[in-house]
Colleague: 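Sharing a structure, written as structure tokens. Questions coming.
Because only heavy atoms are used, hydrogens play no part in the values below, and waters and symmetry mates are left out as well, while side chains stay in. The structure presented is a predicted model; accordingly, all values stated were derived computationally and were not measured. Numbered from 1 within each chain, the chains take letters A, B, ... in sequence-line order.
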Amino acid sequence: MPSRAQVLARMRLADKAFQYLTHATAVGVLGLLGCIIIALFVGALPALRAFGFDFLLTQKWNPVTEQFGALAPIYGTIVTSLIAMAIAVPIGLLVAMFLTELCPLWLRRPIAIAVELLAGIPSIIYGIWGLFVFAPFLQVYVQPMLIEVFGEVPILSALFAGPPYGIGTLTAGLILAIMVLPFITSISRDVFETVPAVLKESAYGLGCTTWEVFRNVVLPYTRVGVIGGVMLGLGRALGETMAVTFVIGNAHKVATSILAPGTTISATIANEFTEAVGDLYTSSLIALGLILFAITLVVLALARYMLLRVERRLGA
Amino acid sequence: MRASLYARRRRRNAVAMSLSLLATMIGLGWLVLILGALLWQGLSGVSFKVFAEMTPPPGSDGGLLNPIVGSLIMTGLAVLIGTPVGILAGTYMAEYGRYARTTSIVRFINDILLSAPSIIVGLFIYEVVVAPMGHFSALAGALALAVIVVPVVIRTTEDMLLLVPNALREAAAALGIPRAYIIRHVAYRAAKAGIVTGVLLAIARISGETAPLLFTALNNQFWSTNLNAPMASLPAVIFQFALSPYADWQKLAWTGALIITLAVLTLSIVARVLTGSRRQS
């Protein structure tokens, strides 16, 4: 029979071992991010060496002559995300306002759950729906109208020029808007709920309308958190792959018209990676991935930093 | 004068409120539209065959058995790999290192990984697993999915362990129980429902992931359970079939999409019920 001291020693050993194990795994998560960056960088090196800084600025994407430039995918990524944010931010904030200010209590939970279910639907579902249902609808009803209405307006006519393909930059942006809407809504709702009831009640007490309370009390109080939530949504939109790949049309050119087919970084990688022949082609695609990762890292880090500030204020 | 100002404010308020109601209806409308289209297009294709036969060549009959099994295998493997890592890291953050500087850094990085583009994970696994091995494999696919599982599980494990009242830990410590035993037998037990929820959410998240599988597990038209060879998965097959010009392939893609959506929705509702009942008790 082991002595008391032996049992205690064994327990202490097991305790230490468990502590080190958990500590090592936690630090391993940091290592994971480092590994991802290093792996992408190493993979992208041949392309970065071959094209240098011009990689970011040229539009040419020719697998036959092995000329690659990232301008078209970068442009497409930014434009689709901007369209998505322009639509999803106002709608998302309005829905969050409805949920926190207007909605009867019994209806709050069901609607909040429905919004979160929308966030849980895999992106490929949005893709297949966008391709077979949404794009044809846009092609037949919405895009001809846009072309007709804006056809005579200077500047805008260039944005809405060309035949209605159905698929294209605008469609991708709209699908992205639907996809990021739930994220923006649920985060804004969470930060709206952090507003102290006393603040809102005193504004109501002065005779403010619901809209005035929202506009002048809730929004200013939660500004940082809302911006954080919006940037989190932007991070999603920038990196979203499958939904965009289905509906953007995959054309490697920078078109002024948002009705024209385009491409994004993630759509290019998804479409071409398995078919890429030659090291330089593969490497160029990985370089695209590196650029995307760099952009989203910055956006997401800023978003988290802002949301963290909200949490700190709550804790203080 | 005052009456008109008052009327204007009331009017503006009414407009804003109607807009917010409208926005909510639009937001929920999409859910209805998407689910409606899925049910409409997918239900007509659901039959026993879907679950019993392999993916067909274009123009002939078939089912989705090999991608369904492939998805189950890779998802299961990813959860087996990712969950222990996530729980251990989450344990450090909530227990041993609750006030450590490492924890806040790890939390920050983890939150970024949580929303990082999944296609990047695919590229990463391609670089470190597929390229050195020289061929695509189900194992690589499972690893890519595991990388996505880890941050989800870390996040929920940490959150749930932080909810466990300290009095429980102190009571156990007062009995002279070592820290590791307290964590495993008291804290884990108290946070069980929450941790299980995290795993369910992670499964829901990866069962629809396509991008990380495209160039890790690739796809496979035939029955295969070989972890060292390309393997079919539902999302990859949906991607391939939906973009094909063949009507019967497109129909199967819709059916597959319906299956995935129902699975994901069921998982997230179960997860919600688990945490919901916990919060009330």
Colleague: What option among A/Leu308, A/Leu232, A/Val133, A/Leu102 has the most heavy-atom pairs under 4.5 Å with chain B?
Modeller: A/Leu102
Colleague: Can you label the angle between the A/Phe132 ring and the B/Trp254 ring as parallel, tilted or perpendicular, going by 30° and 60°?
Modeller: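 It falls in the tilted class, 30° to 60°.
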Colleague: Give the member of A/Leu32, A/Leu300, A/Ile286, A/Leu307 that has the highest number of heavy-atom pairs under 4.5 Å with chain B.
Modeller: A/Leu300
Colleague: Give me each pair satisfying salt bridge (Lys or Arg N to Asp or Glu O under 4.0 Å) with a member in residues 112-123 of chain A, each pair once, sequence neighbours excluded.
Modeller: A/Glu116-A/Arg189, A/Glu116-B/Arg272
Colleague: Between B/Leu113, B/Leu214, B/Val264, B/Thr210, which shows the greatest number of heavy-atom pairs under 4.5 Å with chain A?
Modeller: B/Thr210
Colleague: With a 4.5 angstrom heavy-atom cut-off, which part of B/Val85 approaches chain A: side chain, backbone, both or neither?
Modeller: both
Colleague: Heavy-atom distances under 4.5 Å only: say whether B/Val106 touches chain A with side chain, backbone, both or neither.
Modeller: both
Colleague: Could you tell me which portion of B/Thr102 (side chain, backbone, both or neither) has an atom closer than 4.5 angstrom to a non-hydrogen atom of chain A?
Modeller: side chain
Colleague: So what's closer than 4.5 Å to chain B heavy atoms on A/Cys103: side chain, backbone, both or neither?
Modeller: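 Neither the backbone nor the side chain of A/Cys103 comes within 4.5 Å of chain B.
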Colleague: Between the side chain of A/Thr77 and the main-chain N/O of A/Ile265, is any donor-acceptor distance below 3.5 Å?
Modeller: yes
Colleague: Name the region of B/Ile183, side chain, backbone, both or neither, that has any atom closer than 4.5 Å to a heavy atom of chain A.
Modeller: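 Side chain of B/Ile183 only, per the 4.5 Å heavy-atom cut-off to chain A.
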Colleague: Side chain from CB out, backbone as N, CA, C, O: work out which of these in B/Leu38 comes under 4.5 Å of a heavy atom of chain A, or both, or neither.
Modeller: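 Only the side chain of B/Leu38 comes within 4.5 Å of chain A.
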Colleague: Would you compute the distance between atom CD1 of B/Ile238 and atom OG1 of B/Thr255 and round it to the nearest 0.5 angstrom?
Modeller: 9.5 Å
Colleague: Identify the heavy atoms of B/Val130 and B/Ala140 that sit nearest to each other, and give their distance.
Modeller: CG2-CB, 3.7 Å
Colleague: Can you tell me which portion of A/Tyr126 sits under 4.5 Å from chain B's heavy atoms? Options are side chain, backbone, both or neither.
Modeller: side chain
Colleague: For the residue pair A/Phe192 and A/Glu101, establish whether any side-chain heavy-atom pair is separated by less than 4.5 Å.
Modeller: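 The answer is no, as the side chains (C-beta and beyond) never meet within the 4.5 Å cut-off.
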Colleague: Under the criterion side chain to side chain contact (heavy atoms under 4.5 Å, CB included), which of B/Thr83, B/Ile87, B/Leu162, B/Leu88 is the partner of B/Thr157?
Modeller: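 Single side chain to side chain contact (heavy atoms under 4.5 Å, CB included) partner of B/Thr157 among B/Thr83, B/Ile87, B/Leu162, B/Leu88: B/Ile87.
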Colleague: Side chain from CB out, backbone as N, CA, C, O: work out which of these in B/Arg184 comes under 4.5 Å of a heavy atom of chain A, or both, or neither.
Modeller: side chain
Colleague: Non-hydrogen atoms of chain B under 4.5 Å away: do they reach the side chain of A/Ser266, the backbone, both or neither?
Modeller: both
Colleague: Is it true that B/Asp111 and B/Arg107 have a side-chain N and a carboxylate O under 4.0 angstrom from each other?
Modeller: no
Colleague: Suppose we call two aromatic rings close when their centres sit under 6.0 Å apart. Are B/Phe239 and A/Phe246 close by that rule?
Modeller: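 Close enough - the centres of the two rings lie under 6.0 Å apart.
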Colleague: Against chain B, label A/Thr241 side chain, backbone, both or neither, depending on which of its atoms sit under 4.5 Å from a heavy atom there.
Modeller: side chain
Colleague: Measuring heavy-atom distances to chain A, does B/Ala204 have an atom under 4.5 Å in its side chain, in its backbone, in both, or in neither?
Modeller: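 Nothing of B/Ala204, per the 4.5 Å heavy-atom cut-off to chain A.
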Colleague: Can you check whether A/Trp211 reaches A/Met97 side chain to side chain, under 4.5 Å on heavy atoms?
Modeller: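 When only atoms from C-beta onward are counted, A/Met97 and A/Trp211 do touch, with a gap below 4.5 Å.
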Colleague: Relative to chain B, which segment of A/Ile125 carries a heavy atom at a distance below 4.5 Å: side chain, backbone, both, or neither?
Modeller: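 The side chain, not the backbone.
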Colleague: Please identify each residue that fulfils ring pair (Phe, Tyr, Trp, His ring centres under 6.0 Å) with A/Tyr20, with sequence neighbours left out.
Modeller: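 Testing A/Tyr20 for ring pair (Phe, Tyr, Trp, His ring centres under 6.0 Å), a comparison that skips the adjacent residues, returns none.
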Colleague: Relative to chain B, which segment of A/Leu131 carries a heavy atom at a distance below 4.5 Å: side chain, backbone, both, or neither?
Modeller: side chain
Colleague: Can you say whether B/Leu218 sits under 4.5 Å from chain A via the side chain, the backbone, both, or neither, judging by heavy atoms?
Modeller: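 Contact with chain A involves the side chain of B/Leu218 alone.
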Colleague: If I measure from the heavy atoms of chain A, does B/Leu21 come under 4.5 Å with its side chain, its backbone, both, or neither?
Modeller: both
Colleague: Please examine the side chains of A/Trp129 and B/Leu35, heavy atoms only from C-beta on, and report whether any two atoms are closer than 4.5 Å.
Modeller: no
Colleague: To the nearest 0.5 angstrom, please state how far the OG atom of B/Ser233 sits from the CD atom of B/Glu209.
Modeller: 11.0 Å
Colleague: Between B/Leu31 and chain A, with a heavy-atom cut-off of 4.5 Å, which part of the residue counts as in contact: side chain, backbone, both or neither?
Modeller: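 For B/Leu31, backbone and side chain are both near chain A.
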Colleague: How far apart are the C-alpha atoms of B/Ser207 and B/Thr75, what are their side-chain angles, what is the distance that settles it, and do they pass the side-chain hydrogen bond (donor to acceptor under 3.5 Å, both in side chains) test?
Modeller: CA-CA 7 Å; B/Ser207 50; B/Thr75 307; over 6 Å; no
Colleague: Let me confirm one number: the CG-CD1 distance from B/Leu265 to B/Ile260, rounded to the nearest 0.5 Å.
Modeller: 11.5 Å
Colleague: Can you name the residues that form a side chain to side chain contact (heavy atoms under 4.5 Å, CB included) with A/Ala301, not counting sequence neighbours?
Modeller: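 So A/Ala301 forms a side chain to side chain contact (heavy atoms under 4.5 Å, CB included) with B/Phe108, B/Ile112.
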Colleague: Pick whichever of A/Glu240, A/Arg215, A/Glu212, A/Gln19 has the most heavy-atom pairs under 4.5 Å with chain B.
Modeller: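 Of the options given, most contacts go to A/Gln19.
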Colleague: Given a strict heavy-atom distance threshold of 4.5 Å, which part of B/Ile109 is in contact with chain A: side chain, backbone, both, or neither?
Modeller: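 It is the side chain, since no backbone atom gets that close.
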Colleague: Heavy-atom distance under 4.5 Å to chain B: side chain of A/Val29, backbone, both or neither?
Modeller: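 It is both, since atoms from each part get that close.
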Colleague: Heavy-atom cut-off 4.5 Å, strictly under: side chain, backbone, both or neither for A/Arg236 against chain B?
Modeller: side chain
Colleague: Distance from A/Ser284 atom OG to A/Glu272 atom CD, nearest 0.5 Å?
Modeller: 10.0 Å
Colleague: Nearest 0.5 Å, please: how far is CG in B/Leu201 from CG in B/Leu267?
Modeller: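 It is 8.5 Å, given to the nearest 0.5 Å.
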Colleague: Select one option (side chain, backbone, both, neither) describing which atoms of B/Ile154 are under 4.5 Å from chain A's heavy atoms.
Modeller: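 The side chain, not the backbone.
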Colleague: Just give me the residue among A/Leu33, A/Ile269, A/Leu285, A/Ile91 that pairs up with chain B most often, heavy atom to heavy atom, under 4.5 Å.
Modeller: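 Greatest number of close heavy-atom pairs with chain B: A/Ile269.
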Colleague: What parts of residues 174-188 of chain A touch chain B if we use heavy atoms and a cut-off under 4.5 Å?
Modeller: A/Ile178, A/Leu181
Colleague: Chain B heavy atoms under 4.5 Å from A/Leu99: which part of the residue, side chain, backbone, both or neither?
Modeller: neither
Colleague: Ring-plane angle category for B/Trp30 and A/Phe134, please: parallel below 30°, perpendicular beyond 60°, tilted otherwise.
Modeller: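 Rings of B/Trp30 and A/Phe134: perpendicular, as their planes differ by over 60°.
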Colleague: What part of A/Leu117 gets closer than 4.5 Å to chain B, counting heavy atoms only: side chain, backbone, both or neither?
Modeller: both
Colleague: In terms of heavy-atom proximity below 4.5 Å to chain B, should A/Leu40 be classed as side chain, backbone, both, or neither?
Modeller: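 Answer is side chain: those atoms of A/Leu40 sit under 4.5 Å from chain B.
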Colleague: Taking side chain as C-beta onward, heavy atoms only, is A/Leu234 less than 4.5 Å from A/Ser81?
Modeller: yes
